[in-house]
Amino acid sequence: MTVAATANPAVIKISNLSTRFGGHVVHDDLELEVRQGEIFAVIGGSGSGKSTLLREMILLHRPDAGSIRVLGVDLQDIEDADALALRLRWGVMFQHGGLFGSLTVMENIGLPLREHRELDDAEVDALAAQKLALTGLDPEVGAQYPSELSGGMMKRASLARALVLDPELLFLDEPTAGLDPESAGEIDQLVRKLRDQGGLTIAMVTHDLDLLWQLADRVAVLAGGRVAGIGSMAELAEIDHPAIRKFFDGPRGRAAQVQTQELRESVVPQSAHLRSSSWKPK
Ligand SMILES: Nc1ncnc2c1ncn2[C@@H]1O[C@H](COP(=O)(O)OP(=O)(O)OP(=O)(O)O)[C@@H](O)[C@H]1O
Ligand SMILES: [Mg+2]
């Protein structure tokens, strides 16, 4: 973790959060802080409440109790106008892309600009083309429809759209899930590039061990409705808690750890063939 990230103020602050679906308690007095400029990841077993937590952070689900502040704004009882203003300050890359099938890639990327900025067509196209290039997509891809894209291209196009309003905060839901190792490695590089450009805070849900070991500054493990552990992957690896051990002790957990150590010790850049598969507990 960078020293700056340690000292930085909270961009997301969650206190005493409780979420239930009927009698099923998903979050029970959960506390969490995401700091400015860090890459923060939420992990945990299936059903531990990761996606629900993400949905609560982006105003798609209302918790039963507790407080969530994002970019200094309390989400509880937020007025519509404030919610809209806030949505313009963050970008979201949904797990399945969330692109509109009837629009081309360029139209999808340009849509937030058309809806929220007073720009003419040429200006929208220029900005959309910039983000298309930033995410490493060829200009020709801009004319294609989502159904014509590979999984990796879809993720990039979705990321380009999430970035088009130059957000302060970026939410990524399983950014590499379902991708082949090479495409997943390219998404890692892209996330690294965004981080290195500075200024952006990234909060993500992921099962991808490579992404976690190589890019996440801090990781929160959800279990039993709470944060069972929080810290860098190296710090978490030392914690003796069953939900956390499950994550590190499997063969994939060990492989990703060893690879990261080898990568850090060598000067060879990260390459896709070194990638281990992602982890998901039973
Ligand atoms: N809309 C809903 N109605 C009822 N139950 C829900 C709803 N959304 C989530 N749940 C339940 O809440 C729990 C947490 O779900 P959530 O999707 O947040 O888990 P997750 O940690 O993202 O799991 P996964 O790794 O499988 O994606 C699960 O038991 C799920 O069935
Ligand atoms: Mg989920």
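Here the structure is a predicted model, which is why all the values come from computation and not from measurement. Counting starts at 1 for both ligands and their atoms, following the listed order.
When the heavy atoms of Lys50, Arg55, Gln95 are ranked by distance to atom 21 (O) of ligand 1, first place goes to Lys50.
Around the Mg ion (ligand 2), protein atoms of type N, O or S found under 2.8 Å number 1.
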Sequence neighbours excluded and cut-off under 3.5 Å, please list the side-chain donor-acceptor pairs for residues 130-137, or say none.
from   : atom 1 : to     : atom 2 : distance (Å)
Lys131 : NZ     : Asp166 : OD1    : 2.7
Thr135 : OG1    : Lys131 : O      : 3.1
Thr135 : OG1    : Leu132 : O      : 3.0

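For Leu60, the side-chain contact (heavy atoms from CB on, under 4.5 Å) partners two or more places apart in sequence, or in a different chain, are Arg55, Ile58, Phe94.
Going from atom CD1 of Ile39 over to atom CG of Leu215 covers 5.0 Å, rounded to the nearest 0.5 Å. Rounding to the nearest 0.5 Å gives a distance of 6.0 Å between CG of Leu169 and OG1 of Thr201.
Those atoms of ligand 1 that come under 4.0 Å of a heavy atom in Gly45, given as number and element, are 21 (O). For ligand 1, the atoms closer than 4.0 angstrom to any heavy atom of Val26 are 12 (O), 13 (C), 14 (C).
His207 counts as a contact of ligand 1, since one of its heavy atoms falls under 4.0 Å from the ligand. In this structure, Ser48 has a heavy atom closer than 4.0 Å to ligand 1.
Contacts with ligand 1 closer than 4.0 Å are made by heavy atoms of both the backbone and the side chain of Thr52.
Shown here for Arg218 and Glu33, the closest heavy-atom pair between the two residues is NH2-O, 2.6 Å.
The shortest N/O to N/O separation between Gly47 and ligand 1 falls below 3.5 Å. Considering backbone and side-chain N/O of Gly49, one or more are found under 3.5 Å from N/O of ligand 1.
Arg226 has a carboxylate O that lies under 4.0 Å from a charged side-chain N of Asp28, or vice versa, which qualifies the two as a salt bridge. Comment: Arg195 engages Asp217 in a salt bridge, judged by a side-chain N to carboxylate O separation of less than 4.0 angstrom.
Evaluation of the salt bridge (Lys or Arg N to Asp or Glu O under 4.0 Å) test over residues 98-122, restricted to residues two or more places apart or in two chains, returns Arg114-Asp121, Arg114-Asp125.
For the residue pair Asn16/Glu31, the side-chain donor-acceptor check at 3.5 Å is satisfied.
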After noting the C-alpha distance and the side-chain angles of Thr176 and Asp188, does the key distance pass the side chain to side chain contact (heavy atoms under 4.5 Å, CB included) rule?
-> CA-CA 8 Å; Thr176 56; Asp188 288 1; 3.9 Å; yes
